[in-house]
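Okay, structure first, notes after.
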Amino acid sequence: METVRLTASQALVRFLENQYISYIDMDGNEQEHKFVKGIFMLPGHGNVVGFANGVEQELKDMVVYQGKNEQGMALAAVGYAKQMRRKSIFACTSSVGPGACNMVTAAATATANNIPVLILPGDIYASRQPDPVLQQMEQPQNLSISAHDAFQAVTKYWGRINRPEQVMTDMISAMRVLTDTANTGAVAISLPQDVQAEAYDYPVDFFKKRVWRVDRRPVTKYALDKAVEVIKNAKKPLLICGGGVRYAEAHKVFKKFAEDFGIAFGETQAGKSAVVWDHELNLGGLGTTGGIAANKLAHEADVVIGVGTRYTDFTTASKWLYRTDAKFVNINPSEFQAYKMDATPVVADANEALTAIGEELAKIGYHTDKAYAEEVAALRKEWWTEVERLDAVEYTDKEHFTPEINDANRECVEKYIKDTGCKLCQTTVLGTINHLIDDNAIVCAAAGSLPGDMQGLWRARKENTYHMEYGYSCMGYEVASALGAKIACPDQEVYAMCGDGSFDMLHSELITSVQTGHKINVMLFDNASFGCINNLEVGQGNASICTEKNMLEPGVTNGIHKGKVIQVDYAAIGAAYGCKTYTVKTLDELKAAIEDAKKQTVSTLIDMKVLPKTMSAGYENWWRVGVAEVSTKPEVQAARKAIEDHLFEARHY
């Protein structure tokens, strides 16, 4: 057996350079290319000696980017892989201790969304000779535990390379999971500092070109027959376009299936933009943050065909959205997901399953009737008329203006105007952006009120241009993911849609975008609050505690801050990083800023001052939240009763 002597780090990098992926794309063409695009690295004493040496010696085609925050760079890796529809990844390496633990949140974000990312944190010494080392957290009951064991709860595969030869088994297992359509997510392989530098005589054939095939799992005849049996009797069917449609490259097959049988579909956050917004069967966003059209039909549907969806509580409105007697057919390569909602499971690739089911339905001449088609058309008209209204909301005066969220904290609207002088409404700003940016521009978002607005209101005019992380709703994902999306699609404009709360939490990779020349555009909606959480808090009968960014007044200790609105010059922050920036307080200023930003070659930031309570409200929806069962406040008592009433109507499993 021919061998080559390398350190564990050298072997790991050499291995990554030789990993390939093959698959059939949405056009039916065979594709094969390298799987690992590169490495995001934030160096520290735990990786800058051993692992960095491996990078220096063995790097060939992969690219290395310097991160600014470990969580941020790992979220950029998640954004990249998501935009690449899981067909290419980044690895992320950090030092030991806090640098590694910073990536736990990013790993959880990847795993919750089934997005592949490879985490390579430095770790404490396997030999234990210098213990306790810098940044080591000692556990007296078990010296083999380090802080990095925390990754086990948020990854699909976890390993620790305690001997250099373990690189072989751990990395093959890592690639297995990273390319697994049913069970992918974050993979964390901890690298003890001493082992990184230790050598081993590796078999040369371990470093040969390896092609990881993403097969389209076929549907079994039994599952096919059962699915057809359910669907053929449907009078009011509803398709759900989940993220799996995009990851399986099933865009065209899904659209054809809908068209062939006249079945309308609603979109999840991950599935949106698999089909463009103006398709005659597209009812738009579905669920708690969905719109009138999809949600009304969901209430009436007798058969629901879920394609590539995890049925989160937002997609099901906490299992209240659908009739308790509705039947479900779930198409998913994951058995775990396919059995949800007590469904008829079709454990298969979306392309294979929809094609096979479609062939059988065609044989029996299945199609929805004229009345169904007329209802779908009417629902679409009703919803898009509402969207056009929301595009044009303007503040008039206190007496004549009713905010979309007209709750007990209504006073914050006029307070914002008094303290800032700004009157822009959020849905109007969003609609303006939607109309002015390029058709093929990618929009990235994750948290706050914007996911609610965007799932329902955003008109995706090209496929794969809507990039929403809502499996973990990770604040701070927005800017980082925009960088990842730009690396994935360098010829398209990318817009990070984020609120001031998310920007405050994490925007470090904006600096990286400037450093590496990957132009992104940050659209910063500043309403000086955690807006959607304030709506939730106040809407369930509570006081406004810690959700408004007002100055703390002397003597106030209960978190209810009613001082002047904090006015942050976010444009100045972006400018300090080297971005081209704009401050927007009127629609004319916004339009001019968007057009000028298109001309720039460096990252831009548009600081938009928008009124609180002017995001869209809910439509035909519900969300179960933990309202107090006992309270002295009548408002909380009423909110609790509403929870119990809806729970009585909802499916329980």
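We number each residue from 1, following the sequence as shown. FYI, side chains are in, hydrogens and waters are out, and symmetry mates aren't considered; it's all heavy atoms of this structure.
- A heavy-atom distance below 4.5 Å is not found between the side chains of His251 and Val275.
- Residues Tyr466 and Val443 meet the side-chain proximity criterion, which asks for heavy atoms closer than 4.5 Å.
- Asn527 and Ser529 share a side-chain donor-acceptor pair at under 3.5 Å.
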Practice prompt. Decide side-chain contact (heavy atoms from CB on, under 4.5 Å) for His518 and Thr512; before the verdict, give the C-alpha distance in whole Å, the side-chain angles of both, and the deciding distance to 0.1 Å.
Written response: CA-CA 8 Å; His518 290 99; Thr512 306; over 6 Å; no
Worksheet item: Passes side-chain contact (heavy atoms from CB on, under 4.5 Å), Lys272 versus Met468? Steps please.
Response: CA-CA 9 Å; Lys272 191 175 177 75; Met468 181 70 67; over 6 Å; no
Practice prompt. Kindly indicate, with the supporting measurements, whether the criterion side-chain contact (heavy atoms from CB on, under 4.5 Å) is fulfilled by His45 and Val96.
Written response: CA-CA 7 Å; His45 72 276; Val96 65; 3.3 Å; yes
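- Residues that satisfy the ring-ring contact (aromatic ring centres under 6.0 Å, His included) test with His33, not counting sequence neighbours, are Tyr23.
- For Leu424, the side-chain contact (heavy atoms from CB on, under 4.5 Å) criterion is met by Val429, Val584, Leu587, Val610, not counting sequence neighbours.
- By the 4.5 Å heavy-atom criterion applied to side chains, Val479 and Leu506 are not counted as neighbours.
- Asp419 is linked by a salt bridge (Lys or Arg N to Asp or Glu O under 4.0 Å) to Lys415, counting only residues two or more places apart in sequence or in another chain.
- Side-chain contact between Val13 and Phe51 is present, with heavy atoms from C-beta onward closer than 4.5 Å.
- Under a 3.5 Å cut-off, the side chain of Gln196 and the backbone N or O of Leu191 do form a donor-acceptor pair.
- Across all non-hydrogen atoms, the minimal contact from Lys156 to Thr184 is NZ-O, 3.4 Å.
- No cation-pi contact links Lys423 to Tyr395, judged by a cut-off of 6.0 Å to the six-membered ring centre and 45° from its axis.
- Listed for the Thr581 side chain is a donor-acceptor partner under 3.5 Å among the backbone atoms of Ala571.
- To the nearest 0.5 Å, the span separating CZ on Phe525 from SG on Cys498 amounts to 9.0 Å.
- Contact of the Tyr20 side chain with the Lys209 side chain is registered, since non-hydrogen atoms from C-beta on lie closer than 4.5 Å.
- Between Gln31 and Lys87 there is no side-chain heavy-atom pair separated by less than 4.5 Å.
- Sparse packing is recorded around NZ of Lys462, with 12 or fewer heavy atoms of other residues, nucleotides or ligands lying under 6.0 Å away.
- Taking Glu493 as the reference, Lys519, Asn521 meet the side chain to side chain donor-acceptor pair (under 3.5 Å) condition, with sequence neighbours excluded.
- Between the side chain of Ser481 and the main chain of Glu478, a donor-acceptor pair closer than 3.5 Å is present.
- Of the N and O atoms on the side chains of Asn282 and Glu267, at least one donor lies less than 3.5 Å from an acceptor on the other residue.
- Using cut-offs of 30° and 60° on the angle between ring planes, the pair His507 and Tyr577 is tilted.
- The salt bridge (Lys or Arg N to Asp or Glu O under 4.0 Å) search around Glu463 returns none, not counting sequence neighbours.
- For Glu469 (side chain) and Cys474 (main-chain N/O), a donor-acceptor pair under 3.5 Å exists by modelled atom type.
- A salt bridge links Lys598 with Asp438: at least one charged nitrogen is closer than 4.0 Å to a carboxylate oxygen.
- The main-chain N or O of Met475 is never found under 3.5 Å from a side-chain atom of Ser502 such that the two would form a donor-acceptor pair.
- Between the CG atom in Leu178 and the CG atom in Asn183 there is a gap of 11.0 Å [rounded to 0.5 Å].
- Closest non-hydrogen pair, Leu611 versus Cys422, comes out as CD2-O, 3.4 Å.
- Between Ser616 and Asp453, the shortest heavy-atom contact is OG-OD1, 2.6 Å.
- Exactly one residue among Glu509, Met73, Gln66 makes a side chain to side chain contact (heavy atoms under 4.5 Å, CB included) with Phe40. That residue is Met73.
- Scanning for salt bridge (Lys or Arg N to Asp or Glu O under 4.0 Å) contacts around Asp149 gives Arg160, with sequence neighbours left out.
- Minimum interatomic distance between Cys532 and Gly448 (heavy atoms only, all atoms of both residues): SG-C, 3.4 Å.
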Item to complete: Could you give me the CA-CA distance, side-chain angles and deciding distance for Phe151 and Val104, then say whether side-chain contact (heavy atoms from CB on, under 4.5 Å) is met?
Response: CA-CA 6 Å; Phe151 281 103; Val104 170; 3.9 Å; yes
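- Scanning for side chain to side chain donor-acceptor pair (under 3.5 Å) contacts around Gln492 gives an empty result, with sequence neighbours left out.
- With sequence neighbours excluded, the residues forming a side-chain contact (heavy atoms from CB on, under 4.5 Å) with Ala108 are Val154, Tyr472, listed by chain and number.
- Remark: side-chain polar atoms of Asn53 are not paired, donor with acceptor, to backbone N or O of Gly50 under 3.5 angstrom.
- Side-chain atoms of Ser473 come within 3.5 Å of backbone atoms of Ala446 as a donor-acceptor pair (strictly under, hydrogens ignored).
- In terms of the side chain to side chain donor-acceptor pair (under 3.5 Å) criterion, residue partners of Lys549 (sequence neighbours excluded) are, by chain and number, Asp500, Asp504, Tyr570.
- A salt bridge (Lys or Arg N to Asp or Glu O under 4.0 Å) check over residues 37-52, counting only residues at least two apart or in different chains, returns nothing.
- Among residues two or more places apart in sequence or in another chain, the salt bridge (Lys or Arg N to Asp or Glu O under 4.0 Å) test is passed with Asp439 by Arg461.
- Here the straight-line distance linking atom CD of Gln19 with atom CZ of Phe35 works out to 9.0 Å at 0.5 Å rounding.
- Between the Arg85 side chain and the Asp25 main chain, no donor and acceptor come within less than 3.5 Å of each other.
- When all heavy atoms of Leu524 and Gly499 are compared, the pair lying nearest together is CD2-C, 4.3 Å.
- With Glu70 as reference, Asn102 is the one residue of Asn102, Thr93, Thr105 to meet the side chain to side chain donor-acceptor pair (under 3.5 Å) rule.
- Note that CE of Met523 is 3.5 Å distant from CD1 of Ile606, once rounded to the nearest 0.5 Å.
- To the nearest 0.5 Å, atoms CG (Asp170) and CD1 (Ile189) are separated by 4.0 Å.
- With sequence neighbours left out, Ser603 forms a side chain to side chain donor-acceptor pair (under 3.5 Å) with Ser513.
- The shortest distance between side-chain heavy atoms of Trp158 and Val177 does not fall below 4.5 Å.
- Counting heavy atoms from C-beta on, the side chains of Met615 and Ile405 come closer than 4.5 Å.
- If you take CD on Gln152 and OH on Tyr157, they are separated by 10.5 Å, rounding to the nearest 0.5 Å.
- The two residues Ile115 and Lys82 come nearest to each other via the heavy atoms CG2-N, 3.8 Å.
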